[in-house]
Amino acid sequence: MNSGARLTGLRDGLARLRGREIEVKTSGELDVMRAAGAVVARTLAAVTAAARPGVSTADLDELAEQCIRDAGAIPSFYGYLGYPASICASVNEQIVHGIPSATQVLADGDLISIDCGAIVDGWHGDAAVTVEVGSVTDADRALSAACRDALQGGIAAVRVDARLTDISAAVQQAAVEAAGRDGARYGIVAEYGGHGIGSSMHMEPFLPNLGPPGRGPRLRPGMVLAIEPMLTAGAPRTTELADGWTVVAADGSRAVHWEHSVAVTEDGPWVLTELPAK
Ligand code: MF3
Ligand code: CO
């Protein structure tokens with residue numbers, strides 16, 4: 001189980017916290033998860049708008065915490081296995097789990113992944129966006145769009161009776177197709193992936209971002225998955241910084257990350273963390 005934080009600590013922590021069954025939500029519970037997802041969506045929209053040159057990632061964290069608390073929700077990342085902030089802010093070669101810092105000041109051309117989670121009445125939402133700071137290179141814009149396409153590909157594979165890794169294969173296929181269009185070769189990060197979500201942030205099952213379809217449990221109405229592809233502009237291999245959290249591309253290439261929490265329903269995927277219409 002290597003969704004979420006670093007492999008060892010998280011795996012042990014999660015094993016104590018929950019069983020191996022995939023949690024199935026009632027429609028009332030899904031409505032509450034949608035409320036949590038909407039808080040996350042609004043927070044990410046605010047943070048995206050604020051992510052400009054000269055702003056620190058600690059500033060963004062402060063804004064996010066304010067947005068979440070103003071909505072009457074709880075920031076789920078803060079204190080999670082000792083994590084010290086309400087968002088992850090992963091700049092450039094950082095892939096995920098970057099810790100916000102007052103000394104990390106955004107500059108024109110940076111590419112930052114912002115990951116955010118909120119709890120409403122005990123139910124979790126988790127989503128991430130990659131934001132272009134000022135004007136980025138065409139290659140970086142294409143990389144982020146490819147990862148977003150990979151997320152959309154995964155979402156489109158969510159349907160009742162599909163197998164779990166049908167999503168994985170769809171994520172991979174969309175990423176490979178995007179790379180083909182871009183005349184690029186992207187690394188699909190395999191050491192981290194998506195996860196079940198609901199009454200906790202990280203639950204069964206682990207959702208790989210690549211691999212053959214047709215494996216793993218069948219999707220049932222009421223299951224919710226956080227789908228979160230991570231791409232690099234180079235090799236997919238990762239390393240973790242000495243802070244014990246920040247995951248970076250081992251070859252120093254640019255990295256991006258997009259995520260939504262998605263419910264399985266009889267009517268197809270329900271993206272709980274998309275921005276509400278009004
Ligand atoms: N969306 C992130 C993930 O599933 C959440 C990390 S929260 C942290 O990996 F607190 F562990 F940083
Ligand atoms: Co997640």
Check: T273/H260 side-chain N/O donor and acceptor closer than 3.5 Å: yes
Is it true that atom CD of E93 has more than 12 heavy atoms of other residues, nucleotides or ligands lying nearer than 6.0 Å? yes
Does the side chain of I188 come within less than 4.5 Å of P236's, by heavy atoms? no
Decide yes or no on side chain to side chain contact (heavy atoms under 4.5 Å, CB included) for W270 and V262, but give the supporting numbers first. CA-CA 5 Å; W270 182 13; V262 183; 5.9 Å; no
Using a 4.5 Å cut-off between side-chain heavy atoms of Ile, Leu, Val, Met, Phe, Trp and Tyr, which other residues end up in the same hydrophobic cluster as L241? V248
Check whether T57 reaches the backbone of S101 with its side chain - one donor and one acceptor, N or O, closer than 3.5 Å. yes
Test your reading of the model: is there a side-chain donor-acceptor pair from S200 to the backbone of M203, 3.5 Å cut-off? no
Test your reading of the model: is there a side-chain donor-acceptor pair from Q66 to the backbone of L63, 3.5 Å cut-off? no
Would you confirm whether R34, through its side chain, and L272, through its main-chain N or O, come within 3.5 Å as a donor-acceptor pair? yes
For the residue pair V158 and I167, establish whether any side-chain heavy-atom pair is separated by less than 4.5 Å. yes
Test item: S90 side-chain N/O and G98 main-chain N/O as donor-acceptor pair under 3.5 Å: yes
Sequence neighbours excluded and cut-off under 3.5 Å, please list the side-chain donor-acceptor pairs for residues 41-53, or say none.
from: T43; atom 1: OG1; to: V39; atom 2: O; distance (Å): 2.7
from: T48; atom 1: OG1; to: L44; atom 2: O; distance (Å): 2.7
from: R52; atom 1: NE; to: A49; atom 2: O; distance (Å): 3.2

Tell me every residue that passes salt bridge (Lys or Arg N to Asp or Glu O under 4.0 Å) with D149, counting only those two or more places apart in sequence or in another chain. R181
Is it the case that the side chains of E204 and H195 hold a donor-acceptor pair, with the cut-off being a distance below 3.5 Å and no angle test? no
Compare every heavy atom of D182 with every heavy atom of Y186, then report the nearest pair and how far apart it is. OH-OD2, 2.6 Å
Residues pairing under side chain to side chain donor-acceptor pair (under 3.5 Å) where one sits in residues 205-217, two or more places apart or in two chains, turn out to be none
Checking the side chain of W258 only, and the main-chain atoms of S144 only, is there a donor and an acceptor separated by less than 3.5 Å? yes
Whether the S253 and D251 side chains hold a donor-acceptor pair (N or O, under 3.5 Å, no angle test) is what I'd like checked. yes
Would you say S56 and Q104 are linked by a side-chain donor-acceptor pair, where the criterion is simply a distance under 3.5 Å? no
Got a donor-acceptor contact below 3.5 angstrom from the T232 side chain to the G234 backbone? yes
Non-hydrogen side-chain atoms of V160 and L219 separated by less than 4.5 Å: no
Side chains of E177 and Q173, donor plus acceptor under 3.5 Å: yes
May I ask you to decide if S199's main-chain N or O and E23's side chain share a donor-acceptor pair within less than 3.5 Å? yes
Please assess V247 against Q94 for the test side chain to side chain contact (heavy atoms under 4.5 Å, CB included), listing each intermediate value before the final yes or no. CA-CA 6 Å; V247 179; Q94 299 177 357; over 6 Å; no
Evaluate the criterion salt bridge (charged side-chain N to carboxylate O under 4.0 Å, His left out) for residue pair D166 and R163; output intermediate values, then yes/no. CA-CA 5 Å; D166 294 349; R163 301 287 290 268; over 6 Å; no
Please check if the side chain of D161 supplies one atom and the backbone of R220 the other of a donor-acceptor pair under 3.5 Å. no
A85: what forms a side chain to side chain contact (heavy atoms under 4.5 Å, CB included) with it, not counting sequence neighbours? D61, Y83, P100
Under a 3.5 Å threshold, yes or no: a donor from one side chain and an acceptor from the other, between Y80 and H202? yes
Indicate, with yes or no, if L207 and I155 share a hydrophobic cluster defined by side-chain heavy-atom contacts under 4.5 Å among Ile, Leu, Val, Met, Phe, Trp and Tyr. yes
Please answer whether the main-chain N or O of S168 pairs with a side-chain N or O of T165 as donor and acceptor at a distance below 3.5 Å. no
Which side-chain N or O atoms in residues 110-123 pair as donor and acceptor under 3.5 Å with protein atoms at least two apart or in another chain?
from: D110; atom 1: OD1; to: N92; atom 2: ND2; distance (Å): 2.9
from: D110; atom 1: OD2; to: A107; atom 2: N; distance (Å): 2.9
from: S113; atom 1: OG; to: H257; atom 2: ND1; distance (Å): 3.2

Using a strict cut-off of less than 4.0 Å between a Lys/Arg side-chain nitrogen and an Asp/Glu carboxylate oxygen, indicate whether R141 and E132 qualify as a salt bridge. yes
